[in-house]
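Reviewing the structure listed below.
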Amino acid sequence: MNYWLIKSEPFVYSYDQLVNDGKTDWTGVRNYQARNNLKAMEKGDICFYYHSNEGMEIVGSAKVNKTFFQDPTTEDKNWVAVEVVPHKKFKKTVKLQDVKEDKRLANMVLVKNSRLSVQPVTAAEAKIIEELSK
DNA sequence: GCCAACGTTGGC
DNA sequence: GCCAACGTTGGC
């Protein structure tokens, strides 16, 4: 089982929206590195849910419910989507600032390559994030 | 709204 | 195949 971090602008699709919908197809990824991460996801993997631009915080986690399939929003066979369902809404959101201030999280992709929209998260990092969210 | 960092495109 | 030019993302 693996951990990931997926990013969304809350005014486009927020975590609360996902909770309301119950599930959603994670579409629109148009970056090869992010695409490869989508393809590597397995059912049951945990995806931390990060709000970019507004909020700039991890607000909860989602779970991979269906592994990758052709992105329904494009004909281009290069792009894929996965289906995710809400998992845990954090009691306390983890701000980007909190991540940056925690030395143990200094190597997170979120810090190192903030532009990547689907990122791998190590088990150690996942544990720390869960700790910070309590 | 600015701009740094990164990815992609296209001319050579 | 290199790299300059351009576009996009996202933190500030």
**Study point:** Neighbours of DNA chain B within residues 26-38 of chain A, by heavy-atom distance under 4.0 Å
**Key:** A:Asn31, A:Tyr32, A:Gln33
Exercise for review: Take A:Glu125 and A:Thr122, measure what side chain to side chain donor-acceptor pair (under 3.5 Å) needs, and give me the verdict at the end.
Suggested key: CA-CA 5 Å; A:Glu125 289 162 353; A:Thr122 67; 3.3 Å; yes
Check your understanding: Should A:Met56 and A:Phe48 be regarded as members of a common hydrophobic cluster, given that ILVMFWY residues are connected when their side-chain heavy atoms come within less than 4.5 Å of each other, either directly or indirectly?
Key -> yes
Exercise for review: Flag yes if A:Leu5 and A:Val118 sit in one hydrophobic cluster, no otherwise; membership is Ile, Leu, Val, Met, Phe, Trp, Tyr, and two members link when side-chain heavy atoms are under 4.5 Å apart.
Suggested key: no
**Study point:** Smallest separation among heavy atoms of A:Arg35 and A:Val29, with atom names
**Key:** N-CG1, 3.8 Å
Practice item. With A:Lys7 as the cation and A:Tyr50 as the aromatic partner, state whether NZ or CZ is under 6.0 Å from the six-membered ring centre and within 45° of the axis. Key: no
Study note, to complete from the structure: Shortest non-hydrogen pair, A:Tyr13 vs A:Tyr49, comes out as O-OH, 2.8 Å
Practice item. Verify whether the ring centers belonging to A:Trp79 and A:Tyr32 lie closer than 6.0 Å. Key: yes
Revision key, fill the gap. Each nucleotide of nucleotides 4-12 of chain C classed B (base within 4.0 Å of a protein heavy atom), S (only sugar-phosphate) or -, in 5' to 3' order, makes ---BBBBBS
